[in-house]
J.: 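Quick one: structure below, then a few questions.
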Amino acid sequence: MTNAEISKLFRHVAAAYAVKDEKKHYFQIVAYQRAADIIEASPAEMRDLFKEGKLQTVPGIGPSIKTHLEELITTGKVKHFDQVMNAVPQAMFPLLDIPSFGPKKAFKLVTIFHLQNQESVIEDIEKLALDNKIAQLEGFGEKSQNDILQAISEYKTGTTKSARMVLPFAAELADQMITYMKLCAKVNTIYPLGSLRRMVATIGDVDLAVASGDPKAVIEHFTAYPNKERVIEQGPATASILMSGGKHVDLMVQPPDRFGSLLQHFTGSKQHNIHLREVALKKNLSLSEYGIKEKGSEEKGKFDTEEKFYRALGMVWIPPEIREDTGEIELALKNNLPNLVELEDIQGDFHIHSNFAIEPSHDLGRNTIEEMVQKALKLKYTSIGFSEHNPSVSKHSSKETYDLVAQRNEALEKVQQKFKKIKIFKLMETDILANGKIGLDEKSLSILDATIVSIHSSFGMSKNEMTKRVIAGLSHPKAKILAHPTGRLLNQRPGYELDWDILFPFCKEHNKALEINAFPARLDLPDSLVRKAVEYGIKFFINTDSHAAAHMDLMRFGVSVARRGWATKHDILNAMEYNKLEQWFKQ
DNA sequence: GCCGTTTTCGGCCCGACTGTTTTCAGTCG
């Protein structure tokens with residue numbers, strides 16, 4: 001049972017409670033929805049946490065839900081859930097997947113029309129709407145009948161709720177909209193907010209906030225966007241449009257003197273905001289996008305900046321990347337937040353593929369060594385590490401491999417002679433083969449400063465085997481960095497499994513670094529694991545894995561992952577002076 | 001059902017928008 005399945009089941013339980021008696025079960029409903037949100041977003045599978053006895057460490061999971069989860073994971077079902085859900089018609093549940101269908105509407109329709117078949121219920125509702133049977137019901141009308149048809153049609157064609165976007169894709173969509181919105185003279189300021197501002201690895205919808213003295217004009221301009229599918233909703237302060245591909249763009253507008261509270265509200269996360277508002281309540285304050293009001297008063301205090309907004313709650317400003325309600329509010333109250341690493345701290349990039357013809361088993365870069373160095377200089381780096389893939393093991397003798405590595409080194413030295421302002425490190429990205437050996441022999445390794453190691457084959461191994469394999473590879477004294485540690489490709493493959501409780505202590509003890517791969521389809525190590533590794537005291541390289549000079553600009557995405565993992569400058573090795581780094585490689 | 005340096009009992013974020021309604025329920029974020 002996956003997190004997604006558990007989350008869906010919890011939402012169904014909440015829906016069943018809502019139908020049964022919403023008032024009586026209100027806080028159970030909220031609790032199950034909150035647990036569903038948290039489990040859905042959790043990078044760790046609940047079944048793994050169960051095996052490790054760590055279910056109670058998940059926020060939102062208390063004694064009762066924990067017991068139910070244990071029953072669910074061991075037996076595949078929960079008696080209590082069955083009881084709750086069997087009290088309502090089963091046919092209502094498939095309808096909940098369709099946007100605009102909640103528990104009440106789904107229950108009402110399947111009850112009135114005696115629908116019992118879960119397989120056909122969506123088609124059944126569609127047919128009833130087409131036959132004009134729904135418009136006559138109390139509480140429904142012509143418009144809502146048409147809305148139902150539209151929602152079902154969009155659901156069936158996959159127009160809605162499609163896969164989440166990787167960051168640059170969402171950023172580009174946001175940029176397009178921002179460019180368009182700036183054509184409206186009434187737009188003072190506009191920012192992308194929500195998960196895009198928090199730099200979450202994948203983005204659902206694009207959220208935009210505008211400061212303007214004329215919200216009406218701004219909203220009208222927004223909903224007139226020519227490349228939209230349709231307007232979803234439109235009010236005096238907010239609007240939402242559907243884009244081709246099923247993405248929503250949500251807009252909120254406030255006057256400039258309330259823009260700080262809008263930024264705070266719309267950046268989220270939801271759990272961060274809820275917690276912040278609970279903290280505020282204890283101070284007799286109530287928060288919203290309009291500002292802060294004292295309990296009992298109608299007057300809402302105005303905040304033009306986020307800093308002032310947080311200060312009014314007795315805390316320091318919290319960087320958006322860590323607004324996930326994982327302890328940041330408590331530390332902000334004590335003015336004790338970590339000093340997160342910044343892009344400007346980065347002094348070099350150590351996972352760089354040039355087009356040097358090294359005859360690798362994987363891909364070559366597109367630019368020359370010199371072009372990559374020039375790009376590094378433009379980025380004001382003081383060091384760079386070249387790490388082409390090792391020459392393919394199957395196609396070369398040991399001597400041929402050595403000659404290729406030596407030739408690559410000579411090429412690096414030539415460029416080093418020409419550019420004295422930057423230190424060039426001689427690295428390589430070496431495969432950890434299925435048997436745990438690495439794809440270079442001692443002689444070749446001896447002429448490198450160090451090697452990055454990584455997995456590019458035999459992904460299907462068990463967690464145990466893979467952990468042993470990675471540790472075997474990392475055990476060579478020259479193997480200093482584990483690249484893209486989980487092997488995940490966002491929206492493509494989940495990555496292999498590793499036992500972090502073994503790997504993290506190993507890295508700490510043997511002074512091995514983990515890579516935070518900045519390539520947007522990877523963002524690997526994932527942020528939540530970065531956080532754990534930081535707690536272990538492990539060091540990182542943030543690398544772009546560039547296969548072209550232009551890729552080196554992607555560093556900021558890796559820095560965001562590090563920030564989301566609460567890493568400071570001192571956790572990041574490529575934020576160090578190169579001479580210190582040279583020492584580190586020799587350790 | 002969860003949660004706790006003001007609580008192990010008694011609280012639980014706050015608001016937008018829509019359609020069908022003459023004041024609100026439902027859905028969403």
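Chain naming here is simple, since letters A, B, ... match the order of the sequence lines and numbering starts at 1 in each.
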J.: If you look only at pairs with a residue in residues 29-41 of chain A, which of them pass as a salt bridge (charged side-chain N to carboxylate O under 4.0 Å, His left out), with sequence neighbours excluded?
T.: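 Salt bridge (charged side-chain N to carboxylate O under 4.0 Å, His left out) check on residues 29-41 of chain A returns A:Arg11-A:Asp37, A:Arg11-A:Glu40, A:Asp37-A:Lys270.
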J.: The criterion is side-chain hydrogen bond (donor to acceptor under 3.5 Å, both in side chains); which residues satisfy it with A:Asn335, sequence neighbours excluded?
T.: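 So A:Asn335 forms no side-chain hydrogen bond (donor to acceptor under 3.5 Å, both in side chains) with any residue.
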J.: Return the set of residues passing salt bridge (Lys or Arg N to Asp or Glu O under 4.0 Å) with A:Lys300 (not counting sequence neighbours), or none when no residue passes.
T.: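 If we apply the salt bridge (Lys or Arg N to Asp or Glu O under 4.0 Å) test to A:Lys300, skipping adjacent residues, there are no hits.
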J.: Looking at residues 60-78 of chain A, who's got a heavy atom less than 4.0 Å off DNA chain B?
T.: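 Here the set is A:Gly60, A:Ile61, A:Gly62, A:Pro63, A:Ser64, A:Ile65.
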J.: Would you mind writing out the side-chain donor-acceptor pairs for residues 191-200 of chain A within the sub-3.5 Å range, not counting sequence neighbours?
T.:
| residue | atom | partner | partner atom | Å |
| --- | --- | --- | --- | --- |
| A:Arg197 | NH1 | A:Thr267 | OG1 | 2.8 |
| A:Arg197 | NH1 | A:Glu306 | OE1 | 3.4 |
| A:Arg197 | NH1 | A:Glu306 | OE2 | 2.8 |
| A:Arg197 | NH2 | A:Glu306 | OE1 | 2.9 |
| A:Arg198 | NE | A:Glu324 | OE2 | 2.9 |
| A:Arg198 | NH1 | A:Thr267 | O | 2.8 |

J.: Side chains of residues 520-536 of chain A: which donor-acceptor pairs under 3.5 Å do they make with residues two or more places apart or in other chains?
T.:
| residue | atom | partner | partner atom | Å |
| --- | --- | --- | --- | --- |
| A:Asp524 | OD1 | A:Thr486 | N | 3.0 |
| A:Asp524 | OD1 | A:Thr486 | OG1 | 3.0 |
| A:Asp524 | OD2 | A:Thr486 | N | 3.1 |
| A:Asp524 | OD2 | A:Thr486 | OG1 | 3.1 |
| A:Asp524 | OD2 | A:Gly487 | N | 2.8 |
| A:Asp527 | OD2 | A:Arg564 | NE | 2.7 |
| A:Asp527 | OD2 | A:Arg564 | NH2 | 3.4 |
| A:Arg531 | NH1 | A:Thr326 | OG1 | 2.9 |
| A:Arg531 | NH2 | A:Thr326 | O | 3.0 |

J.: Could you write out each protein N or O paired with an N or O of nucleotides 20-22 of chain B at a distance under 3.5 Å?
T.:
| residue | atom | partner | partner atom | Å |
| --- | --- | --- | --- | --- |
| B:dT20 | OP1 | A:Gly141 | N | 2.7 |
| B:dT20 | OP1 | A:Gly141 | O | 3.3 |
| B:dT20 | OP1 | A:Ser144 | N | 3.2 |
| B:dT20 | OP1 | A:Ser144 | OG | 2.8 |

J.: Tell me, for nucleotides 10-17 of chain B in 5' to 3' order, what letter each nucleotide earns: B for a base near a protein heavy atom under 4.0 Å, S for only sugar-phosphate near one, - for neither?
T.: --BBBSSS
J.: According to side-chain hydrogen bond (donor to acceptor under 3.5 Å, both in side chains), who are the partners of A:Tyr310, at least two apart in sequence or on a separate chain?
T.: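 Partners of A:Tyr310 by the side-chain hydrogen bond (donor to acceptor under 3.5 Å, both in side chains) criterion, ordered by chain and then number, come out as A:Gln264, A:His272, A:Arg323.
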J.: Would you please name every residue forming a salt bridge (Lys or Arg N to Asp or Glu O under 4.0 Å) with A:Lys20, sequence neighbours left out?
T.: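 Once residues adjacent in sequence are excluded, A:Lys20 has no partner under the salt bridge (Lys or Arg N to Asp or Glu O under 4.0 Å) criterion.
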J.: Sequence neighbours left out, what passes salt bridge (Lys or Arg N to Asp or Glu O under 4.0 Å) with A:Arg277? Give chain and number order.
T.: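 A:Arg277 satisfies salt bridge (Lys or Arg N to Asp or Glu O under 4.0 Å) with no other residue.
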J.: Show me the pairs that pass salt bridge (charged side-chain N to carboxylate O under 4.0 Å, His left out) and involve residues 60-71 of chain A, at least two apart or across chains.
T.: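 Output for this query lists A:Lys66-A:Glu70.
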